[in-house]
Amino acid sequence: MLKNLNPKSYLSTFFMFSVYLVLINIYITSLGLMDDFNYTRMNFFRNTPTYFEFIRSDIESGGFRPFLPFQITLNNIGYYLFSVKGYFIFNLVYLFFILEFFYFMMSKFFYFDKFLYYLIIFSWPYSSDLIIHPSLQEKFIVLLICTFIYSYKNKKPLTSRLTILFIPLIKIQSLIFLPFITSVLKRDKNLKIYVSYFLFSSSLVLFVFFNKSESYFNSQLEFNTIINQIFTSPVNVVNIFLIITAFYIVKINDLVNKDAFYGLGLSNLFLIIFMSIYRNVGNYLNSINIFFIVIYILIIYDHLFKILKSKHLKKLVKFCQILIFTFVIISFTIPRFERMSSIGSVMNYSEENNIEIFYSCLEGVQYLNQFQNNNEFIYVNEFENIVGKEIKFLSDPFACNSIENVIIQNCKKTDTIDFKFENSMKIIEYQC
């Protein structure tokens with residue numbers, strides 16, 4: 001993979017890696033409020049039965065992810081060696097390896113300008129979640145997809161068959177990649193065998209998912225909500241617009257690897273539909289979209305360059321993309337890092353012993369109550385539960401539901417406890 005690449009091609013990789021390495025060192029002070037809190041306490045090698053208990057609990061939640069404990073173990077290396085910052089820095093290394101691998105494999109199908117590739121990847125606001133939430137599995141879905149393509153292209157049948165069997169077992173979102181995988185295998189005489197492996201493991205995942213009709217993984221959104229999300233969510237609108245634009249360009253130019261593009265686009269449409277069913281659109285799970293979007297934008301850019309044939313245009317496009325990247329860093333990425341920094345302050349906050357603090361994120365409430373004893377955090381998602389009360393509310397810039405807006409409209413603010421950064425979480429007192 002490395003032998004044909006010029007060292008200069010890694011300058012953009014090193015630059016982007018350095019940007020996020022600096023952000024981690026400045027802002028990261030805790031493990032956050034997602035699964036990372038709990039995962040760093042797990043050691044599946046010392047306590048083997050823990051693995052089976054973890055899988056059983058996962059199945060009870062409607063998911064079947066037998067390889068997640070291996071990801072947890074890999075992530076935890078940095079934490080065991082260098083504590084909190086090491087946890088995020090090691091994840092950053094894994095992420096950039098996967099981005100390099102993805103670039104290497106996709107450049108076999110499509111033309112990629114590497115500098116633009118990295119700028120576009122991190123101009124997608126949700127890409128920062130892959131850095132501040134190491135427990136996210138989206139990057140490992142991409143890793144396994146790339147491993148399959150690499151082993152298949154290099155005629156390693158055992159590895160490619162094992163990989164295609166394992167892909168759906170990473171996370172349920174990986175099931176949407178079947179059209180893309182099929183497009184890669186289109187003329188292979190063993191296509192049916194490969195697809196049967198994929199469908200077999202997919203059926204296990206879907207059986208668990210549908211067997212738990214109302215669980216953590218299966219939110220049971222209403223039909224109207226699903227349709228509304230598909231066609232009006234900003235994430236989906238941008239994604240669909242880029243698919244249509246890139247499809248038109250591929251069609252009129254008769255792209256050499258158009259089958260791979262069509263498979264990729266169909267997989268992306270499946271992702272849009274599935275994510276609209278799976279969860280409310282507009283959160284960290286949208287990080288996987290960029291692995292499709294970056295290809296569409298680079299196809300569009302390449303088409304423009306061919307039409308206008310201007311070196312000045314290329315420079316202008318790159319300059320504009322740098323501006324977009326800078327805007328996203330300032331307006332979206334740094335606020336997310338500031339919010340991460342404030343979680344440590346929230347955990348240590350204690351004006352008096354064991355006060356009640358209301359919060360809108362159920363997962364965050366569970367972890368805050370498990371890993372600190374200063375206060376009691378209470379989950380709230382309905383205004384009726386706090387009517388007539390004086391409450392302390394944990395205000396979060398990245399709220400899990402709309403309850404804070406309802407509180408602001410219907411309650412009187414009496415005090416605010418600020419933490420270090422502008423976009424930190426805050427503890428606000430209300431009279432409701």
Side-chain angles (χ1 to χ4, degrees), residues 1 51-52 55 58-59 62-71 74 97-98 100-110 137-212 217-218 243 247 250 254-275 277-278 288-289 291-292 295:
M1 177 175 140
Y51 172 86
F52 299 101
I55 299 303
D58 207 37
I59 291 172
F64 183 51
R65 302 173 294 176
F67 295 113
L68 179 54
F70 297 98
Q71 178 190 333
L74 185 65
F97 170 81
I98 292 168
E100 281 291 315
F101 196 14
F102 181 73
Y103 170 84
F104 175 77
M105 294 314 305
M106 291 301 106
S107 62
K108 303 294 183 184
F109 301 102
F110 315 103
Q137 296 164 272
E138 279 67 17
K139 61 182 177 291
F140 285 97
I141 295 174
V142 173
L143 174 62
L144 226 61
I145 293 290
C146 291
T147 303
F148 163 71
I149 297 173
Y150 180 82
S151 59
Y152 174 74
K153 293 287 186 183
N154 287 276
K155 303 187 185 307
K156 300 179 185 296
L158 178 60
T159 305
S160 57
R161 292 185 186 193
L162 281 175
T163 308
I164 200 170
L165 178 69
F166 293 159
I167 288 170
L169 302 179
I170 298 296
K171 197 176 184 181
I172 193 168
Q173 283 94 316
S174 58
L175 273 59
I176 59 98
F177 280 98
L178 179 59
F180 177 61
I181 289 171
T182 304
S183 71
V184 173
L185 295 166
K186 189 173 182 181
R187 294 176 181 83
D188 193 288
K189 63 181 180 180
N190 295 315
L191 171 63
K192 291 182 180 179
I193 296 175
Y194 279 105
V195 171
S196 66
Y197 288 168
F198 189 93
L199 293 177
F200 172 75
S201 48
S202 296
S203 64
L204 296 177
V205 174
L206 290 172
F207 173 79
V208 173
F209 180 75
F210 287 113
N211 194 46
K212 297 291 181 178
F217 288 95
N218 193 342
I243 291 173
F247 176 84
V250 168
D254 196 25
L255 191 73
V256 174
N257 290 302
K258 62 182 179 181
D259 288 341
F261 171 81
Y262 294 150
L264 196 77
L266 186 56
S267 289
N268 195 185
L269 289 174
F270 284 168
L271 176 68
I272 290 169
I273 295 169
F274 175 74
M275 290 304 298
I277 297 171
Y278 180 65
I288 196 172
N289 296 68
F291 292 97
F292 298 95
I295 294 173

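This is a predicted model, so every value here is computed, not measured. Computed from heavy atoms alone, side chains included, the values below leave out hydrogens, waters and symmetry copies.
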Problem set entry | Met106 side chain reached by Ile149 side chain, heavy atoms, under 4.5 Å | yes
Seminar exercise, completed: On a heavy-atom basis, the closest approach of Ile167 and Ser174 is O-OG, 2.8 Å
Exercise. Less than 4.5 Å apart, any side-chain heavy atom of Lys153 and any of Lys108?
Worked result: no
Exercise. Side chains of Phe110 and Val250: closer than 4.5 Å at any heavy-atom pair?
Worked result: no
Exercise. Do other residues, nucleotides or ligands put more than 12 heavy atoms under 6.0 Å from Phe200 CZ?
Worked result: no
For this session: Might you work through the side chain to side chain contact (heavy atoms under 4.5 Å, CB included) test for Met105 and Phe109, ending with a clear yes or no?
Result: CA-CA 8 Å; Met105 294 314 305; Phe109 301 102; 5.7 Å; no
Problem set entry | 4.5 Å side-chain heavy-atom contact, Thr147 and Phe101 | yes
Problem set entry | Heavy-atom pair with the smallest gap, counting every atom of Ser202 and Leu175 | OG-CG, 3.6 Å
Exercise. Hey, does the side chain of Ser201 reach the backbone of Pro168 with a donor-acceptor pair shorter than 3.5 angstrom?
Worked result: no
Exercise. Tyr152 versus Ile181: any side-chain heavy-atom pair under 4.5 Å?
Worked result: no
Exercise. Is any side-chain heavy atom of Leu143 less than 4.5 Å from a side-chain heavy atom of Ile170?
Worked result: no
Problem set entry | Side chain proximity check, Leu199 to Leu178, heavy atoms < 4.5 angstrom | yes
For this session: Step through it carefully: locate the ring centre of Phe247, locate the ring centre of Tyr262, and say whether they are under 6.0 Å apart.
Result: yes
Exercise. With no hydrogens and no angle check, is any side-chain donor or acceptor of Asn154 less than 3.5 Å from a backbone partner on Tyr150?
Worked result: yes
Donor-acceptor pairs under 3.5 Å, side chain of residues 155-166 to any protein atom, not counting sequence neighbours: which ones?
{"from": "Ser160", "atom 1": "OG", "to": "Lys156", "atom 2": "O", "distance (Å)": "3.1"}
{"from": "Ser160", "atom 1": "OG", "to": "Pro157", "atom 2": "O", "distance (Å)": "2.9"}
{"from": "Ser160", "atom 1": "OG", "to": "Tyr194", "atom 2": "OH", "distance (Å)": "3.0"}
{"from": "Thr163", "atom 1": "OG1", "to": "Thr159", "atom 2": "O", "distance (Å)": "2.5"}

For this session: Answer yes or no: is there a side-chain heavy-atom contact under 4.5 Å between Ile172 and Phe64?
Result: no
